[in-house]
J.: 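So that we are looking at the same thing, I have put the structure below in structure tokens.
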Amino acid sequence: MQALILVGGQGTRLRPLTCATPKPVVTLVDRPFMVYMLEWLRAHGVDDVIMSCGFMADGVREVLGDGSALGLALRYVEEPEPLGTGGALKYAEALLDERFFMLNGDVLTDMDLTAQLREHERTGARATLALMGVEDPSAYGLVRRGPDGSVRQFVEKPSPEEIDTNLVNAGAYVIEREVLAGMAPAGTKISIERDVFPALVGEGLYGFEAEGYWVDIGTPKRYLQATFEILEGVVHTAVGSEVQRSSGVLWRAAGTRNGTMVHAPAVVGAGCELASDAVIGGRTVLGPGVTVASGAHIDSSVVLDGASIGSGTRITGAIVGPEVSLGEHCRVEDGAMLGRGARVGSGNTLTAGVRIFPGVELPSEAIAF
Ligand code: GDD
Ligand code: MG
């Protein structure tokens with residue numbers, strides 16, 4: 001079975017993590033995000049994957065290669081300019097089979113694609129959308145269905161008064177190639193959600209209510225949520241199982257814990273050096289080669305490879321990018337994000353979703369609010 005994965009978005013809502021790293025290969029816990037998707041697809045019989053890239057295609061290819069390490073064949077299609085979610089589909093037409101999965105490339109899920117495919121066959125649909133129930137559909141595509149499961153309306157990013165169901169487009173479709181015949185010619189910028197699906201209503205567009213875990217990792221809040229839920233085993237993943245098997249603390253650093261308090265669930269990467277009176281976790285990921293100085297306290301956070309954390313610094317609910325250097329007695333909390341290589345002097349307070357861009361240097365006590 002074939003799958004087309006859209007990975008051409010710029011990932012602006014995840015900046016600065018996505019300033020230099022394309023969203024599909026941003027590290028989630030201990031591996032590039034896309035690896036979770038590919039493992040899930042392979043488990044549902046997918047062996048042929050086309051990555052539809054626009055933005056930073058080389059960065060994706062460099063990390064994922066030809067897919068052989070993951071047991072599937074990976075090919076890349078590069079749009080000359082972003083063509084939108086519909087344009088990207090049309091642009092890949094020459095490579096597509098008669099029937100294929102199409103996926104948004106920023107969703108962490110363990111839902112049952114095989115069941116969706118069966119339902120697609122049963123109804124004889126031309127396209128079947130996986131649907132998920134969410135609390136607030138406003139950031140998604142809202143889907144209204146008839147009693148037979150056919151889609152009656154598709155409303156992308158509905159306004160509050162349009163919301164009358166919690167079922168949204170989960171970004172996983174089964175599509176018959178014939179659907180492409182009715183689309184605008186290749187090279188036209190179109191949205192599958194705004195242009196293609198609404199036109200398919202009444203023409204064989206069905207919705208399949210999926211079950212299981214599902215989160216779009218495309219915002220800092222949801223990126224952290226996905227991290228926590230992998231660590232807690234709420235979503236079934238290989239690294240999550242490893243954490244569970246290690247009684248909640250996956251310790252990859254050399255030697256023993258040396259007295260450092262590490263609360264579950266947590267992952268401590270290879271080559272980390274932690275002061276004996278530092279406190280780590282729970283819900284915390286330290287990437288490889290992170291150093292944490294005396295008295296520092298990190299919880300509910302992600303600290304990526306090679307970052308160094310000064311003594312007495314406290315990090316809660318934040319994302320610290322690779323190679324960041326954080327001085328002493330800083331507070332970093334509440335959705336703050338630090339981009340690769342940022343250097344933050346001592347005594348700063350970074351909170352309330354503040355974003356420090358890659359390479360920025362902040363002197364001591366420059367920000368406190
Ligand atoms: N190749 C290519 N070209 N890919 C693109 C382009 C493009 O021009 N634009 C976006 N993409 C990719 C993104 O990289 C992402 O993987 C996927 O298409 C969806 O784009 P997002 O920008 O993440 O959309 P969204 O999250 O606001 O909404 C979409 O996903 C929701 C579920 O997560 C819609 O499909 C909603 O209907 C849906 O509910
Ligand atoms: Mg998205």
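The model shown is predicted, which means the values in this text are computed figures rather than measured ones. Every number for a ligand or one of its atoms is a count from 1 in the order of the listing.
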J.: Would you mind telling me which of L304, I217, T21 makes a side-chain contact (heavy atoms from CB on, under 4.5 Å) with V26?
T.: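 When L304, I217, T21 are each tested with V26, the side-chain contact (heavy atoms from CB on, under 4.5 Å) holds only for T21.
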J.: Could you tell me the residue and atom name of the protein heavy atom closest to atom 39 (O) of ligand 1, and the distance to it rounded to 0.1 Å?
T.: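 Among all protein heavy atoms, the one nearest atom 39 (O) of ligand 1 is N169 O, 2.6 Å.
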J.: If you count the atoms of ligand 1 from 1 in the order shown, which ones are under 4.0 Å from a heavy atom of A88?
T.: 1 (N), 2 (C), 3 (N)
J.: May I ask you to identify the nearest protein heavy atom to atom 37 (O) of ligand 1, giving residue, atom name and distance to one decimal place in Å?
T.: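 The closest heavy atom on the protein side is E156 OE1, 2.6 Å.
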J.: Among all the protein's non-hydrogen atoms, which is closest to atom 8 (O) of ligand 1, and how far away is it?
T.: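 Here the closest protein heavy atom is G84 N, 2.7 Å.
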J.: In D216, what N, O or S atom is nearest to the Mg ion (ligand 2), if we give its atom name?
T.: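 When I compare the N, O and S atoms of D216, OD2 is nearest to the Mg ion (ligand 2).
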J.: Just to be sure I read this right, does ligand 1 sit under 4.0 Å from the backbone of V7, its side chain, both, or neither, counting only heavy atoms?
T.: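 Looking at V7 and ligand 1, just backbone atoms fall under 4.0 Å.
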J.: What is the name of the N/O/S atom in D106 that sits closest to the Mg ion (ligand 2)?
T.: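 Distance check against the Mg ion (ligand 2) picks out OD2 in D106.
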J.: Report yes if some N/O of G105 lies less than 3.5 Å from some N/O of ligand 1; otherwise report no.
T.: yes
J.: Any side-chain to backbone donor/acceptor pair from Y140 onto P158? Under 3.5 Å, distance only.
T.: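 A pair under 3.5 Å: no.
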J.: Taking a cutoff of less than 4.0 Å between a non-hydrogen atom of the residue and any ligand atom, is W214 in contact with ligand 1?
T.: yes
J.: With no hydrogens and no angle check, is any side-chain donor or acceptor of N348 less than 3.5 Å from a backbone partner on I367?
T.: yes
J.: What do you reckon, does R13 put a non-hydrogen atom under 4.0 Å from ligand 1?
T.: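 Flag set, R13 near ligand 1.
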J.: Among side-chain atoms of Y213 and E229, is any donor-acceptor pair under 3.5 angstrom?
T.: yes
J.: Between the side chain of Y36 and the main-chain N/O of L28, is any donor-acceptor distance below 3.5 Å?
T.: yes
J.: Could you tell me the residue and atom name of the protein heavy atom closest to atom 35 (O) of ligand 1, and the distance to it rounded to 0.1 Å?
T.: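 Checked against all protein heavy atoms, atom 35 (O) of ligand 1 sits closest to E193 OE2, 2.5 Å.
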J.: Is there at least one pair of N or O atoms, one from V107 and one from ligand 1, spaced under 3.5 Å apart?
T.: no
J.: Would you please say whether a donor-acceptor pair under 3.5 Å links the side chains of T284 and D299?
T.: no
J.: Determine whether the aromatic ring centres of residues F101 and W40 are separated by less than 6.0 angstrom.
T.: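 Not under 6.0 Å, so no.
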J.: Taking the ring of F197 and the ring of Y173, is the distance between their centroids below 6.0 Å?
T.: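 Aromatic pair counts; centres sit under 6.0 Å.
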J.: Please report the shortest heavy-atom distance between T27 and V29, naming the atom on each side.
T.: CG2-O, 3.8 Å
J.: G141 to ligand 1: N or O pair under 3.5 Å?
T.: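 Min N/O separation from ligand 1 is below 3.5 Å for G141.
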J.: Do me a favour and list the nearest non-hydrogen protein atom to atom 28 (O) of ligand 1 with residue, atom name and distance?
T.: K157 NZ, 3.2 Å
J.: Looking at L83, which atoms of ligand 1 are within less than 4.0 Å of one of its heavy atoms?
T.: 8 (O)
J.: If we ignore angles and hydrogens, is there a donor and acceptor under 3.5 Å between the side chains of Q244 and S241?
T.: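 Side chains of Q244 and S241: no pair found under 3.5 Å.
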J.: Examine ligand 1 and decide if any of its atoms is less than 4.0 Å from a heavy atom belonging to K23.
T.: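 In this structure, K23 qualifies as a contact of ligand 1 - some heavy atom is under 4.0 Å.
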J.: Could you identify the single nearest non-hydrogen protein atom to atom 20 (O) of ligand 1 and state the distance to 0.1 Å?
T.: T85 CG2, 4.6 Å
J.: Can you list the ligand 1 atoms lying under 4.0 Å from a non-hydrogen atom of P82?
T.: 8 (O)
J.: Looking only at the side chains, is there a donor atom on one of S191 and E156 sitting less than 3.5 Å from an acceptor on the other?
T.: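 No pair is found: no donor N or O on one side chain lies under 3.5 Å from an acceptor on the other.
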J.: How close does the nearest protein non-hydrogen atom get to atom 1 (N) of ligand 1, and which residue and atom is it?
T.: E79 OE2, 2.4 Å
J.: Using a 3.5 Å distance criterion without hydrogens, assess whether the side chain of S301 forms a donor-acceptor pair with backbone atoms of A318.
T.: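 Such a contact is found between S301 side chain and A318 backbone.
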J.: Judged by modelled atom types alone, do E79 and S52 share a side-chain donor-acceptor pair under 3.5 Å?
T.: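 Note: E79 and S52 side chains meet the donor-acceptor criterion.
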J.: Would you find a donor on one side and an acceptor on the other, under 3.5 Å apart, between the side chain of E193 and the backbone of G141?
T.: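 No, E193 side chain to G141 backbone: no donor-acceptor pair under 3.5 Å.
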J.: For atom 13 (C) of ligand 1, find the nearest protein heavy atom and state the residue, atom name and distance (0.1 Å precision).
T.: G9 N, 3.5 Å
J.: Any side-chain donor paired with an acceptor under 3.5 Å for T114 and H44?
T.: yes
J.: Tell me whether Y140 has any N or O atom under 3.5 angstrom from an N or O of ligand 1.
T.: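 No; the residue has no nitrogen or oxygen that sits under 3.5 Å from a nitrogen or oxygen of the ligand.
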J.: Please work out which of I217, I5, I192, L6 has its closest non-hydrogen atom nearest to atom 15 (C) of ligand 1.
T.: L6
J.: If you measure every N or O of F154 against every N or O of ligand 1, does any of those distances drop under 3.5 Å?
T.: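 Min N/O separation from ligand 1 is not below 3.5 Å for F154.
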J.: If you scan the protein for heavy atoms around atom 4 (N) of ligand 1, do you find one that is closer than 4.0 Å?
T.: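 Flag for atom 4 (N) of ligand 1 set to true, protein heavy atom closer than 4.0 Å.
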J.: Under 4.0 Å from any heavy atom of Y173, which atoms of ligand 1 are there?
T.: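 Listed by number with element, the hits are 35 (O).
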